[in-house]
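Just so you know, these numbers come straight off a predicted model, no measurement behind them. We use all heavy atoms of the structure for the numbers below, so side chains are in, but hydrogens, waters and symmetry mates are not.
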Amino acid sequence: MKRLLIILIVLSQVFVSCKKMLDVNSTRLVSEENMWLSMEDSRGALMGIYGLTKSALNDHNAHWLYGDVRSDEFSIPIRQDLKAIANNDLNASFGVMNDLKSWRRWYAVVNAANIFLERIPEVKEKDERYTTNNMTVDIAQARFLRAFAYFYMVRIWGNVPLIVSSKEGAFTDQPREDQGKVLAWVEQEMLLAANDLPFLYSLNDEQQQGNYYNESKDRWKGALVRKTTAYAILAHVAAWQSNYPDAAAYAKFVIDNQQKGSLGLLTTANMTDPNGFFYDKNPNQLFGFGHIYDHVEGSFTGHIEELTLASPVVNKSIPDIYMPKEKILSIFNEGTDERFSADTLGNPVTDVYFKNFNGQYPIFSKVKCIMGGVTDPTFRFYSSATIITRLEDMYLLRAEALAVIGEQAGSIELLNTIRERRGLVDYSAAKNGELIDAIFQERARELMGEGHLWYDMVRHYKILNDDSELSKLIRQNGHYWPIATDVLTQNKMLTQNEYWK
């Protein structure tokens, strides 16, 4: 009954005030006058923002199409829509392309957060159980999720409208703001959120006392944003702007406070086990969205497995995307790598990242949470978590930042921490090339399939600033997506990204 109540409250959060801008029909199971009365309303509304964020990431496998498929590192045997994305033909006429060009799902997150921040004091006034501390922590989460939505949109579209109140959402004509201004606001909001977020919930953190919403720590571990989450995304915000001194500092905060946040570096076995890191929720998911099988949250779609898995891992003849043998061997080019390595004849020695290596389609199987962690290939029902960042990402992002600002010794130490964790010897310029290239090579190996690759490539080529095709594309702002036609039609103050006119 309690779960049903929460679901009904969350469904009620399809807010009407931005209906014109988002073209979302209002569905209300709790009337406006009966909302914002109790602690249960605050919890339901907050979980609604999380749910909308999760939906924006997973619908149409958007997180991986934006972050992995566009990199053109994976081959695509059949699907023409995915081929168009990999070939940067983003104006191709496919249904999924039109959805990916629209930012409406992200503005649903923004509007839900705006309304929450405006209305939540009403709960404090009407329900004495809802403490000031509870409200402060809730506000911090809503602010973070709103800021994260803007950061995610800026990486995809560049300049976007900055809407910070529900009243603004009632008007369709809203101009785009310069991304520098938007990201400055994002940084400010995330720092304010970080100040009020706990390291962990329901563990008597000084910034979150007692059991959060009367639930124990096990209910919340890995499920909610926390202080280290905010600093981790701040590190990415700074790196995206090539502000590497701040990126290094923000990432250092996460690394230095990993014990407080119950974080640790993953073993290769835990990272690739069907019941390991990507299964369910756990504290090492620095920022992620679980799909908990026991809560009936698995699905056939909205997971990296839908794109990558095929026979012999699951009962599917051809994967949507795969990595050719030559590409695998060029990326995993060191013989002791626990993730994947091959002998001199090209036969796999370790193959936890790839199955069927010598078949027509090598199967990327790093993430393979099928049903409740089973390995039965007849099922294609997935429950892996969508991971935005983890501790290894912070080590490598700080290594990147230190390399750019000239602190090579510290950069190499961080890089070696991850290399050693995966069975590799220490970095050597003679064997591994330029330090910055070696760091991005390690990011490509470690974070493969987690939605980082395209953004990493953009940052890498911004640093190189060479005459490559990608560098030229970035200088022309062609790395951003075009804006959906219906969004442009609806708001006459918007203009198409110049590259895509």
Side-chain angles (χ1 to χ4, degrees), residues 10-11 13-15 17-19 21-27 45-70 85 90 95-117 141-158 160-164 166 169 179 182-183 186 189-190 193 223-225 229 233 236-237 240 285 287-291 297 299 301-304 306-307 382 384-389 450-452 454-455 480-484 486-487 490:
V10 170
L11 287 174
Q13 303 308 304
V14 184
F15 300 107
S17 68
C18 69
K19 179 185 174 187
M21 181 180 68
L22 299 174
D23 194 25
V24 174
N25 292 325
S26 178
T27 303
L46 182 61
M47 294 305 112
I49 306 171
Y50 277 98
L52 288 168
T53 308
K54 185 176 178 179
S55 176
L57 291 164
N58 292 107
D59 199 21
H60 299 291
N61 295 311
H63 182 60
W64 299 279
L65 300 193
Y66 290 135
D68 288 309
V69 172
R70 196 179 177 193
I85 295 172
L90 303 185
V96 69
M97 302 286 281
N98 293 329
D99 285 316
L100 290 172
K101 288 187 285 188
S102 176
W103 54 41
R104 288 177 174 176
R105 288 177 181 82
W106 285 106
Y107 276 105
V109 176
V110 169
N111 196 60
N114 285 341
I115 291 178
F116 182 93
L117 293 168
Q141 291 173 76
R143 293 182 93 155
F144 171 86
L145 291 169
R146 181 178 62 172
F148 173 72
Y150 275 113
F151 172 55
Y152 207 95
M153 285 193 285
V154 163
R155 289 196 302 177
I156 298 168
W157 290 284
V160 297
L162 181 60
I163 299 171
V164 296
S166 63
Q179 61 179 290
V182 176
L183 290 178
V186 166
E189 285 291 293
M190 285 194 172
L224 303 176
V225 300
T229 306
I233 301 303
H236 274 287
V237 172
W240 186 252
Q285 295 171 0
F287 183 30
F289 294 84
H291 296 79
E297 290 182 354
S299 63
T301 187
H303 301 268
I304 184 65
E306 182 190 2
L307 299 172
Y382 308 117
S384 60
T386 302
I387 303 301
I388 307 302
T389 185
E450 297 181 39
H452 288 274
W454 170 251
Y455 309 112
Y480 297 121
W481 276 69
I483 302 169
D486 58 345
V487 173
Q490 200 169 48

Set out, in order, the CA-CA distance, both residues' side-chain angles and the distance that settles side-chain contact (heavy atoms from CB on, under 4.5 Å) for Met153 and Val110, then state yes or no.
CA-CA 11 Å; Met153 285 193 285; Val110 169; 4.2 Å; yes
In the structure I gave you, are the side-chain heavy atoms of Leu307 and Leu65 within less than 4.5 Å of one another anywhere?
yes
Heavy atoms only: give me the nearest Gly302-Asn58 pair and the separation to one decimal.
O-ND2, 2.8 Å
For Thr386 and Gln285, run side-chain contact (heavy atoms from CB on, under 4.5 Å): C-alpha distance rounded to whole Å, both residues' side-chain angles, the deciding distance at 0.1 Å, then the answer.
CA-CA 9 Å; Thr386 302; Gln285 295 171 0; over 6 Å; no
His303 side chain vs Ala385 backbone, donor-acceptor pair below 3.5 Å
no
Locate the shortest heavy-atom distance separating Ala62 from Ala56; write the atom from each residue and the value.
CB-O, 3.9 Å
Ring geometry between Phe144 and Phe148 (parallel below 30°, tilted from 30 to 60°, perpendicular above 60°):
parallel
On a heavy-atom basis, the closest approach of Gly158 and Tyr480 is N-CD2, 3.4 Å
Is it true that a side-chain atom of Trp157 and a backbone atom of Lys101 form a donor plus acceptor pair closer than 3.5 Å?
yes
Heavy atoms only: give me the nearest Ile49-Ala113 pair and the separation to one decimal.
CD1-CA, 3.7 Å
Is any side-chain heavy atom of Arg146 closer than 4.5 Å to a side-chain heavy atom of Tyr150?
yes
Point-to-point distance, once rounded to the nearest 0.5 Å, from OH of Tyr382 to CD of Glu306:
7.5 Å
All heavy atoms of Leu46 vs all of Ala142, minimum pair found to be CD1-N, 4.2 Å
Nearest 0.5 Å, please: how far is NE2 in His236 from CD1 in Ile388?
9.5 Å
Validation row: Tyr455, Ile156 side chains within 4.5 angstrom (heavy atoms):
yes
Taking Gly51's backbone N and O only, do any of them form a donor-acceptor pair with Ser55's side chain (distance below 3.5 Å, no angle check)?
no
Heavy-atom check, side chain of Arg143 versus side chain of Leu117, under 4.5 Å:
yes
For the residue pair Val225 and Tyr50, establish whether any side-chain heavy-atom pair is separated by less than 4.5 Å.
yes
Would you compute the distance between atom CG of Asp68 and atom CD1 of Ile85 and round it to the nearest 0.5 angstrom?
11.5 Å
Could you state the interatomic distance from CE (Met47) to NZ (Lys54), rounded to the nearest 0.5 Å?
11.5 Å
Nearest-0.5 Å distance, CG of residue Leu52 to CH2 of residue Trp106
10.0 Å
When you look at Leu90 and Met97, which way does the side-chain contact (heavy atoms from CB on, under 4.5 Å) test go after all the steps?
CA-CA 7 Å; Leu90 303 185; Met97 302 286 281; 4.1 Å; yes
Test item: Phe287 and Ile387 side chains (from C-beta on) under 4.5 Å apart, heavy atoms:
no
Flag the pair Tyr107 / Asn114 as yes when at least one side-chain heavy-atom distance between them is below 4.5 Å, and no otherwise.
no
Check: His63 side chain, Glu450 main-chain N or O, donor-acceptor pair, under 3.5 Å:
yes
Cation over ring face, Arg70 and Tyr66, 6.0 Å, 45°
no
Counting C-beta onward and ignoring hydrogens, is there a side-chain heavy-atom pair between Leu183 and Phe151 closer than 4.5 Å?
yes
What's the separation between atom CD in Gln141 and atom CG in Leu224, rounded to the nearest 0.5 Å?
5.0 Å
Are Trp64 and Leu57 close enough, and set up right, to give a side-chain contact (heavy atoms from CB on, under 4.5 Å), and what steps lead you there?
CA-CA 9 Å; Trp64 299 279; Leu57 291 164; over 6 Å; no
